Q: 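The structure is given below, and queries will be raised subsequently.
Bear in mind that the values here come from a model prediction, so they are computed numbers and not experimental data.
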Amino acid sequence: MSEQAFTLDDHRFMAEALRLAERGLFGTSPNPRVGSVVVKDGQIIGSGWHERAGSPHAEVVALADAARRYGSQATHGATVYVTLEPCAHHGKTPPCTDALLAAGVARVVCACEDPNPLVAGRGIALLRAAHVSVACGLMAQEARELNVGFFARMTRGRPWVRLKIAASLDGRTALANGASQWITKEAARRDVHRWRARSCAILTGIGTVRADNPRLTVRGLDTPRQPLRIVCDSRLSLPLDAAVLENGCLLVHAQADPARMATLAARGAELLALPAADGRIDLPALMQELARRQINELLVEAGATLAGALLRARLVDELLLYQAPLLLGDHARGMADIGILESLSEALRLRIVERRWVGDDQLIRARL
């Protein structure tokens with residue numbers, strides 16, 4: 001069904017389902033964020049969203065809400081709006097298609113198909129085979145944007161990678177001596193914690209750990225989980241008192257040193273060896289491994305070396321550039337080491353998707 005075939009009421013109810021889905025922004029990983037409403041006689045009689053992995057899915061919550069409020073027969077003949085195709089397989093919870101059929105709904109409107117190969121149209125097909133009317137494609141772009149990391153992992157086998165950079169107006173991230181705290185002001189730093197909270201993991205390099213000793217945790221927000229902290233450290237030189245070792249981190253390395261590895265493991269690090277031919281870390285292999293670990297969204301907070309390596313390897317999807325109204329000069333450090341370009345045709349082209357003020361600083365969100 002085309003977008004034009006949907007009614008204004010369809011749009012209104014799907015917009016509400018999307019609003020509900022956003023309530024799971026920080027907690028559903030590795031599952032997608034999904035919301036749902038049950039509608040009968042033009043009124044919402046039940047609503048819900050997926051809160052966390054292992055808990056009931058959005059449409060099951062919405063059906064239960066309707067039954068609790070209006071009785072077990074209330075869902076017969078109703079329309080269910082859901083922001084992602086209902087699942088048709090047994091995972092940590094039973095198939096949502098079974099719940100919809102048991103509830104006797106007459107119509108299901110979903111924003112988009114589920115890219116998970118275990119679903120991928122099967123939910124829609126099962127409902128239609130049971131003579132339930134199914135329409136798909138309403139506000140699909142909004143639903144995919146809400147789950148951009150889940151779609152990336154399912155369709156291409158790697159996470160959605162955001163590279164966060166705090167820089168001056170002249171594109172500098174630190175003074176020549178490495179001092180960088182703080183280029184941006186408090187409001188921008190608070191905003192970063194929202195990106196951390198929605199991410200499954202945060203990646204940094206050993207240079208940033210040595211310079212800033214970051215914790216890479218979510219602070220100042222009510223979040224049900226902390227993202228996985230990952231450090232790229234090819235030579236296993238992570239200081240034993242590094243803050244990222246508190247409560248554990250994934251330490252990705254390229255060189256083997258059994259004694260050093262044992263020491264770091266005893267301090268809480270999980271060791272992952274991914275050597276590349278040049279003796280550095282195999283970054284594409286790292287992305288594949290993170291997808292295997294069900295990482296949907298990866299936030300990179302790193303210096304010019306790792307940022308440049310990811311950009312050169314075309315592994316960055318989105319840039320979060322917090323730009324402060326100050327100048328640091330030619331001798332200050334740049335944003336990313338992408339090498340020497342011989343012509344403008346070699347430049348990395350970006351598409352700006354958002355500009356907004358965050359206090360005195362500006363956030364430019366761009367996609368490669």
Side-chain angles (χ1 to χ4, degrees), residues 25-26 28-33 115 144-167 173 191-209 214 216-218 225-234 244 249-254 272 274 276 280-322 334-339 347-354 363-368:
L25 190 64
F26 300 156
T28 64
S29 176
N31 290 353
R33 298 132 182 164
R144 282 192 291 266
E145 278 294 316
L146 190 59
N147 290 298
V148 65
F150 180 76
F151 274 78
R153 177 166 67 87
M154 288 295 170
T155 59
R156 69 186 189 190
R158 64 179 179 87
W160 182 265
V161 178
R162 293 187 180 95
L163 173 60
K164 169 255 165 182
I165 297 176
T173 60
D191 195 63
V192 171
H193 282 272
R194 292 192 60 82
W195 292 105
R196 285 184 179 184
R198 68 174 289 166
S199 301
C200 305
I202 303 172
L203 174 67
T204 195
I206 185 60
T208 298
V209 173
L216 301 181
T217 55
V218 179
R225 59 162 180 81
Q226 288 288 341
L228 172 68
R229 282 96 54 81
I230 308 169
V231 180
C232 283
D233 178 16
S234 59
V244 290
C249 71
L250 178 64
L251 187 59
V252 188
H253 61 102
L272 174 64
L274 290 175
R280 299 182 181 182
I281 292 168
D282 187 334
L283 294 175
L286 173 59
M287 296 304 153
Q288 293 173 4
E289 171 62 18
L290 295 182
R292 189 190 68 80
R293 293 176 181 236
Q294 298 186 306
I295 300 299
N296 292 335
E297 297 181 20
L298 175 68
L299 180 64
V300 180
E301 299 188 35
T305 300
L306 181 55
L310 289 166
L311 286 165
R312 290 195 305 273
R314 299 299 195 271
L315 293 174
V316 174
D317 298 296
E318 191 167 73
L319 176 68
L320 304 175
L321 175 58
Y322 290 88
M335 292 192 290
D337 180 8
I338 59 173
L348 297 177
R349 301 287 177 179
L350 300 99
R351 175 174 57 90
I352 295 176
V353 296
E354 181 186 13
L363 170 63
I364 299 174
R365 188 161 63 93
R367 291 181 175 176
L368 280 80

Q: Does the side chain of Ile281 come within less than 4.5 Å of His253's, by heavy atoms?
A: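 Not touching, per the 4.5 Å side-chain cut-off.
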Q: First locate atom CD of Gln288, then atom CG of Leu274, and finally report the distance between them rounded to the nearest 0.5 Å.
A: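 Spacing of CD (Gln288) from CG (Leu274) equals 9.5 Å.
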Q: Minimum heavy-atom separation for Met335 to Ala167, with atom names?
A: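 Smallest heavy-atom distance, with atoms named: SD-CB, 4.0 Å.
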Q: Can you tell if the side chain of Asn296 reaches within under 4.5 Å of the side chain of Arg198, non-hydrogen atoms only?
A: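 Not in contact.
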Q: Report the distance from atom CG of Leu319 to atom CG of Leu311, rounding to the nearest 0.5 Å.
A: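 Reported to 0.5 Å precision, the distance equals 7.5 Å.
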Q: Quick one: are Arg367 and Val353 in side-chain contact, heavy atoms under 4.5 Å?
A: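 Arg367 reaches Val353 side chain to side chain.
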Q: Could you check if a side-chain atom of Met287 sits within less than 4.5 angstrom of a side-chain atom of Val161, using non-hydrogen atoms only?
A: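 In contact.
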Q: Looking at residues at least two apart in the chain, or sitting in another chain, which of them share a side chain to side chain contact (heavy atoms under 4.5 Å, CB included) with Ala201?
A: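 Only Leu228, Ile230, Ile295, Leu298 meet the side chain to side chain contact (heavy atoms under 4.5 Å, CB included) criterion with Ala201.
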Q: So if I apply the salt bridge (Lys or Arg N to Asp or Glu O under 4.0 Å) rule between Glu297 and each of Arg158, Lys164, Arg33, which one comes out positive?
A: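 Result for salt bridge (Lys or Arg N to Asp or Glu O under 4.0 Å) with Glu297: Arg33.
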Q: Begin from the C-alpha positions of Arg225 and Ser29 and carry the test side chain to side chain contact (heavy atoms under 4.5 Å, CB included) through to its verdict.
A: CA-CA 9 Å; Arg225 59 162 180 81; Ser29 176; 3.8 Å; yes
Q: Side-chain contact, heavy-atom cut-off 4.5 Å: Val300 with Thr204?
A: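 The answer is no, as the side chains (C-beta and beyond) never meet within the 4.5 Å cut-off.
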Q: Do Leu299 and Leu320 have side chains that get closer than 4.5 Å, going by heavy atoms?
A: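 Of all side-chain heavy-atom pairs linking Leu320 with Leu299, at least one is under 4.5 Å.
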Q: Flag the pair Arg153 / Pro30 as yes when at least one side-chain heavy-atom distance between them is below 4.5 Å, and no otherwise.
A: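 Answer yes - side chains close enough.
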Q: Find out whether Leu250 and Arg229 are in side-chain contact, i.e. whether some heavy atom of one side chain is under 4.5 Å from a heavy atom of the other.
A: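 Answer no - side chains too far apart.
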Q: Which heavy atom in Ala254 sits nearest to a heavy atom in Arg280, and how many Å separate them?
A: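 Smallest heavy-atom distance, with atoms named: CB-O, 3.5 Å.
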Q: Applying side chain to side chain donor-acceptor pair (under 3.5 Å), which residue pairs with at least one partner in residues 298-315 are found, sequence neighbours left out?
A: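 Pairs touching residues 298-315 that pass the test: Arg196-Glu301.
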Q: If you look at every heavy atom in Pro159 and Asp317, which pair is closest and at what distance?
A: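 Reported closest heavy-atom pair: O-OD2, 3.6 Å.
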Q: Indicate the atoms forming the closest heavy-atom contact of Ile202 with Leu216, along with that distance.
A: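 Looking at all heavy atoms of both residues, the shortest contact is CD1-O, 3.4 Å.
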Q: Show, in sequence, the C-alpha distance, side-chain angles and deciding distance for Asp233 and Val252, and conclude whether the side chain to side chain contact (heavy atoms under 4.5 Å, CB included) test is met.
A: CA-CA 6 Å; Asp233 178 16; Val252 188; over 6 Å; no
Q: According to side chain to side chain contact (heavy atoms under 4.5 Å, CB included), who are the partners of Pro32, at least two apart in sequence or on a separate chain?
A: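 Pro32: side chain to side chain contact (heavy atoms under 4.5 Å, CB included) contacts with Val34, Leu84, Asn147, Phe150.
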Q: Could you go step by step and tell me if Ile352 and Ile364 meet the side chain to side chain contact (heavy atoms under 4.5 Å, CB included) rule?
A: CA-CA 7 Å; Ile352 295 176; Ile364 299 174; 4.1 Å; yes
Q: Can you give me the closest heavy-atom contact between Leu203 and Cys232, atom names plus distance?
A: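 Closest approach of Leu203 to Cys232, heavy atoms only: CD1-SG, 3.7 Å.
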Q: Taking all atoms of both residues into account, what is the closest heavy-atom pair of Ser199 and Pro227, and its distance?
A: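 So the two residues come closest at O-CB, 3.5 Å.
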Q: What distance do Leu348 atom CG and Ile338 atom CD1 have between them, rounded to the nearest 0.5 Å?
A: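 With rounding to 0.5 Å, CG (Leu348) is 4.5 Å from CD1 (Ile338).
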